[in-house]
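Working notes, structure below.
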2 protein chains.
Amino acid sequence: MTNDPRISLRLHFESGLTFGRGKADLLQAIQEQGSISAAGRRMKMSYRRAWSLVEDMNAHFPEPLVDSSRGGAKGGGAVLTDRGRQVLADYRALEALLRDQGAGQLARLRAGQRSVPT
Amino acid sequence: MTNDPRISLRLHFESGLTFGRGKADLLQAIQEQGSISAAGRRMKMSYRRAWSLVEDMNAHFPEPLVDSSRGGAKGGGAVLTDRGRQVLADYRALEALLRDQGAGQLARLRAGQRSVPT
DNA sequence: ATTCGTTGTGTTCAGATGGACATAACCAAA
DNA sequence: TTTGGTTATGTCCATCTGAACACAACGAAT
């Protein structure tokens, strides 16, 4: 989980998919927790919202990023597919690229910015 | 003006500023056209909207990114300040970094994505 | 003084977005 | 067969967003 609050990267693809830190963190939380609802709790979002995001991601690929099952002793659960892990890893790599190689530009962009009250 | 419709980069700063291709293209259009309204026309957005974006950007820096004047023979106009040019250049550099150094990840992320009807 | 294109502002309205609830379906284990 | 935690889905509502208009202020050139 990236804990740099200063910068976040959001990609808009031509397919209509938008993928940013929210979905990346959600994928990672699902991977670590083994369920969508636990991931949602950890990220302080409703299950409804977490599930919607997963549905949206899955809908943009022929194979889902998250494989879920319901029922059973533990109620069910969810895991990342190979594709899901790959998407997460690629996004993290782009984030790292930006942070490392783009440090100069980011620092300059940030320099002197004023917080603006909403 | 970046003409790769496939990917766009949006940065969220802690100051509250969000800066993506829309604002970058707008800055560039202002630089090339010399006015906010002409830039807005070129980007097919209302003057109201273009002006609001400029106001938002200016508000997030101690010195404005766009310097505007009104009245006169040509009605007025707007130019980029040094800071404005620098912000634009830094954003473009980050875009290029992603496209070049991140080509592999981006290609893989894009691979097999399905267009999803709204 | 008039002109003319631009800047600067306000207002209204439809549509998108996300939060908050509610509820059914599922199924291994006890 | 009951239990319990999870997945799956629907609905309502406050809020945010952006599009669409409308209009005053400005000032160099004529």
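The model shown is predicted, which means the values in this text are computed figures rather than measured ones. FYI, side chains are in, hydrogens and waters are out, and symmetry mates aren't considered; it's all heavy atoms of this structure. Labels below follow one simple rule: chain letters A, B, ... track the order of the sequence lines, proteins then strands, and each chain is numbered from 1.
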Spacing of CG belonging to B/L17 relative to CZ belonging to B/F61, to within rounding of 0.5 Å
5.5 Å

Just by distance, no angles: are the side chains of B/Q33 and B/R41 close enough, under 3.5 Å, to form a donor-acceptor pair?
no

Once side chain to side chain contact (heavy atoms under 4.5 Å, CB included) is applied, do any residues pair with B/R114, and if so which ones, sequence neighbours excluded?
A/P62

By the salt bridge (charged side-chain N to carboxylate O under 4.0 Å, His left out) test, which pairs, at least two apart or in different chains, include something from residues 54-73 of chain B?
B/K23-B/D56, B/E63-B/R83

Terminal contacting nucleotides, 5' and 3', DNA chain C versus chain B (heavy atom, 4.0 Å):
C/dG5 to C/dG10

B/S52: side-chain hydrogen bond (donor to acceptor under 3.5 Å, both in side chains) partners, not counting sequence neighbours:
B/R48

Near DNA chain C, which residues from residues 63-73 of chain A have a heavy atom under 4.0 Å away?
A/R70, A/G71, A/G72, A/A73

Outermost contacting nts on DNA chain D, any atom under 4.0 Å from chain B heavy atoms, listed 5' then 3', are D/dG18 to D/dA29

Between B/Y91 and B/F19, does the ring centre distance come in under 6.0 Å?
yes

Is A/D90 salt-bridged to B/R110, going by a charged N under 4.0 Å from an acidic O?
no

Across all chains, not counting sequence neighbours, the side chain to side chain contact (heavy atoms under 4.5 Å, CB included) partners of B/Q101 are A/L97, A/Q101, B/L97

Sorted by chain and residue number, the salt bridge (charged side-chain N to carboxylate O under 4.0 Å, His left out) partners of A/R49 (sequence neighbours excluded) come out as none

Would you please name every residue forming a side-chain hydrogen bond (donor to acceptor under 3.5 Å, both in side chains) with B/S69, sequence neighbours left out?
none

Applying salt bridge (charged side-chain N to carboxylate O under 4.0 Å, His left out), can you list everything that pairs with B/D82, at least two apart in sequence or on another chain?
B/R85

Can you list, in residue-number order, the parts of residues 44-55 of chain B that come under 4.0 Å of DNA chain D, counting heavy atoms only?
B/R48, B/R49

Taking side-chain hydrogen bond (donor to acceptor under 3.5 Å, both in side chains) as the test, write out the residues that go with B/S68, two or more places apart.
none

